[in-house]
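In the text below, chain A, chain B and the rest are named by the order of the sequence lines, each starting its count at 1. Computed from a prediction, not measured in an experiment: that's the story for all the values here.
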Number of protein chains: 2
Amino acid sequence: MVSKAFKPVPASEIPDEISGLRMTRQRQHIYRILLQHRDHPTANDVFMRIKDTLPNLSLATVYTCLDAMVKHGIIRQVNFDRGPSRFCPNLAEHGHFHDVTTGIIHDVQFRPGIHLADVLDLPPGAIIKNVEFTLRGQLS
Amino acid sequence: MVSKAFKPVPASEIPDEISGLRMTRQRQHIYRILLQHRDHPTANDVFMRIKDTLPNLSLATVYTCLDAMVKHGIIRQVNFDRGPSRFCPNLAEHGHFHDVTTGIIHDVQFRPGIHLADVLDLPPGAIIKNVEFTLRGQLS
DNA sequence: GCCGATATCAAGAATTATTCCAGTTATCGC
DNA sequence: GCGATAACTGGAATAATTCTTGATATCGGC
């Protein structure tokens, strides 16, 4: 179960290393921003939010830090259509419900015990490494 | 049930209008290419394949024709990660299995009677308009 | 604590997919 | 056939992201 309480995360609580990736000051700040405000920000959103605390961090560095964390499995990169990539620290298998009226993106999980592969007609012999799904709609 | 036989489609078999969209010569050619070779080509792939028959069709026109057909529900636009959009004439509700070793994309459908919304923990009151899913893996 | 090796970061240029724009051409209804 | 409208073309523009090059920071061994 993923907690809904996204309380502030002091820098001190983020370790020096996660999954073999050295968590530099820049990466710690970026990661903290993702943890604190889980609204699936884009790289540019992160860049804007971090400006006050790290004024001379470049957008390119935000991109490379995010990419490094994605490659090390610390965060996930989420793409909607052709829009800019968004980033999220929820590592549980989940998809996204995109509310088209508010623009808010909600994490969505499978009901307990259910896996997408179980309900699909897959090609014979298919080995699934990774699943992504997106729903679009609205909350009544 | 969607046929697996993708036989050649003569230009004459594509009507002058589909779903209220005037099927011009360019659109007919583009649509035929999608019907004949269902490998989820990008706009540029379509552009390359059409060059022999319509040598002075511009890439911009390929984009606008594909877009018009997507807007009229004649074809579907599919996005994988941040790669270029791909297009497919299969209108049945389906997702995609991306074989990472061959690069081939297979259409995948739900088992009869199953809908993604039934197996998910959705936010209360969610009205789903559209579903997309992608699996990545390989065929053993 | 100092030093070389390595990893990380910054800033701007380059790339890729896509869209826009302005002018031309084709098609439709009369 | 004629004017109105829609479609098409080719080149320029845009947005997100990646690349490149040089500068900085960090680590392990002494």
Side-chain angles (χ1 to χ4, degrees), chain A residues 11 14-33 40-72 74-88, chain B residues 11 14-33 40-72 74-88 103 105:
Chain A
I14 296 178
D16 287 352
E17 188 180 308
I18 304 181
S19 315
L21 182 68
R22 212 170 80 202
M23 291 301 281
T24 61
R25 196 161 41 98
Q26 290 85 339
R27 288 177 189 154
Q28 287 182 331
H29 277 264
I30 290 171
Y31 187 45
R32 184 145 17 85
I33 279 172
H40 302 82
T42 64
N44 197 60
D45 292 338
V46 172
F47 178 59
M48 303 296 243
R49 289 175 194 175
I50 217 165
K51 265 190 165 155
D52 291 337
T53 38
L54 293 180
N56 40 7
L57 184 79
S58 82
L59 179 56
T61 302
V62 174
Y63 273 103
T64 55
C65 287
L66 288 169
D67 190 54
M69 289 192 275
V70 168
K71 292 232 167 81
H72 283 75
I74 299 170
I75 62 174
R76 275 188 47 188
Q77 177 170 3
V78 182
N79 298 297
F80 297 113
D81 302 321
R82 293 238 87 237
S85 289
R86 296 169 174 278
F87 298 87
C88 113
Chain B
I14 296 179
D16 286 352
E17 189 180 308
I18 304 181
S19 314
L21 181 68
R22 211 172 82 203
M23 292 301 280
T24 62
R25 196 160 42 99
Q26 290 85 339
R27 288 176 189 154
Q28 288 181 330
H29 277 263
I30 290 171
Y31 188 44
R32 185 146 16 89
I33 279 172
H40 303 82
T42 64
N44 197 60
D45 292 338
V46 172
F47 179 60
M48 304 296 245
R49 289 176 194 177
I50 218 165
K51 265 190 163 155
D52 291 338
T53 38
L54 293 181
N56 40 7
L57 182 80
S58 83
L59 180 56
T61 302
V62 174
Y63 272 102
T64 56
C65 287
L66 287 169
D67 191 54
M69 290 191 274
V70 169
K71 292 233 167 80
H72 283 74
I74 300 170
I75 62 174
R76 277 186 48 189
Q77 177 169 3
V78 181
N79 298 296
F80 298 113
D81 302 321
R82 296 239 87 239
S85 289
R86 296 170 174 278
F87 297 88
C88 111
I105 294 157

Separation of dA17(C) C1' from Phe87(B) CZ (nearest whole Å)
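Roughly 11 Å, once rounded to whole Å.
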
Under a criterion of less than 4.0 angstrom to any heavy atom of chain B, what are the 5'-terminal and 3'-terminal contacting nucleotides of DNA chain D?
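The footprint of chain B covers dA7(D) to dT17(D).
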
Note, Leu21(A) side chain near Ile74(A) side chain (heavy atom, < 4.5 Å)
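Counting from C-beta outward, Leu21(A) and Ile74(A) do come under 4.5 Å.
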
Gap between atoms OH and P, on Tyr31(A) and dT8(C) respectively (whole Å):
17 Å

Rounded to the nearest 0.5 Å, how far apart are CG of Leu54(A) and CD1 of Ile33(A)?
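If I round to the nearest 0.5 Å, the distance is 8.0 Å.
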
Distance below 4.0 Å between Arg27(A) side-chain N/O and dT8(C) OP1 or OP2
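True: Arg27(A) side-chain N/O within range (under 4.0 Å) of dT8(C) OP1/OP2.
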
Can you check whether Met23(B) reaches Asp16(B) side chain to side chain, under 4.5 Å on heavy atoms?
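Sidechains of Asp16(B) and Met23(B): no contact.
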
What distance do Lys71(A) atom NZ and Gln77(A) atom CD have between them, rounded to the nearest 0.5 Å?
9.0 Å

What residues from residues 56-66 of chain A pass a heavy-atom cutoff of under 4.0 Å to DNA chain D?
Ala60(A), Tyr63(A)

Do Ile30(A) and Met69(A) have side chains that get closer than 4.5 Å, going by heavy atoms?
yes

Does anything in residues 17-26 of chain B reach DNA chain C, meaning a heavy atom under 4.0 Å, and if so which residues?
Arg22(B)

How bent is the helix from dG1(C)-dC30(D) to dC30(C)-dG1(D), measuring the angle between the end axes built from five pairs each, rounded to 10°?
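Here the local axes at opposite ends form an angle of 40°.
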
In whole angstroms, how far is the C1' atom of dC9(C) from the CG atom of Asp67(A)?
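After rounding, the reported distance stands at 14 Å.
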
Between CZ on residue Arg27(A) and CD on residue Glu17(A), distance to nearest 0.5 Å:
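It is 10.5 Å, given to the nearest 0.5 Å.
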
Phe87(B) vs Asp45(B) side-chain heavy atoms within contact, under 4.5 Å
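No, side chains not in contact.
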
Rounded distance (Å) that lies between atom C1' of dT16(C) and atom CZ of Phe80(B)
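Checked: the CZ to C1' distance equals 19 Å.
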
I'd like to know if the side chain of Arg82(B) reaches the main chain of Arg82(A), judged simply by a donor and an acceptor atom lying under 3.5 Å from each other, with no hydrogens or angles considered.
yes

Rounded distance (nearest 0.5 Å) linking atom CZ of Arg76(B) with atom OG of Ser85(B)
12.5 Å

Got a second to check how far Thr64(B)'s OG1 is from Leu59(B)'s CG, nearest 0.5 Å?
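Atom-to-atom, Thr64(B):OG1 and Leu59(B):CG are 9.5 Å apart.
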
What does Thr42(A) touch in the nucleic acid at a heavy-atom separation under 4.0 angstrom: a base, only the sugar-phosphate, or nothing?
nothing

d(CZ, Phe47(B); C1', dA17(C)) in whole Å:
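Whole-Å distance recorded here is 14 Å.
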
For Arg49(B), what residues pass the salt bridge (Lys or Arg N to Asp or Glu O under 4.0 Å) criterion, not counting sequence neighbours?
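With neighbours one apart ignored, the set is Asp39(B).
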
Atom CG of Asp16(A) and atom C1' of dA7(C) are separated, to the nearest Å, by 15 Å

Across all chains, not counting sequence neighbours, the salt bridge (Lys or Arg N to Asp or Glu O under 4.0 Å) partners of Lys51(B) are none

Passing option when Ile75(A) is tested against Leu66(A), Ile18(A), Asp67(A) for side-chain contact (heavy atoms from CB on, under 4.5 Å)
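So the option named by the test is Leu66(A).
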
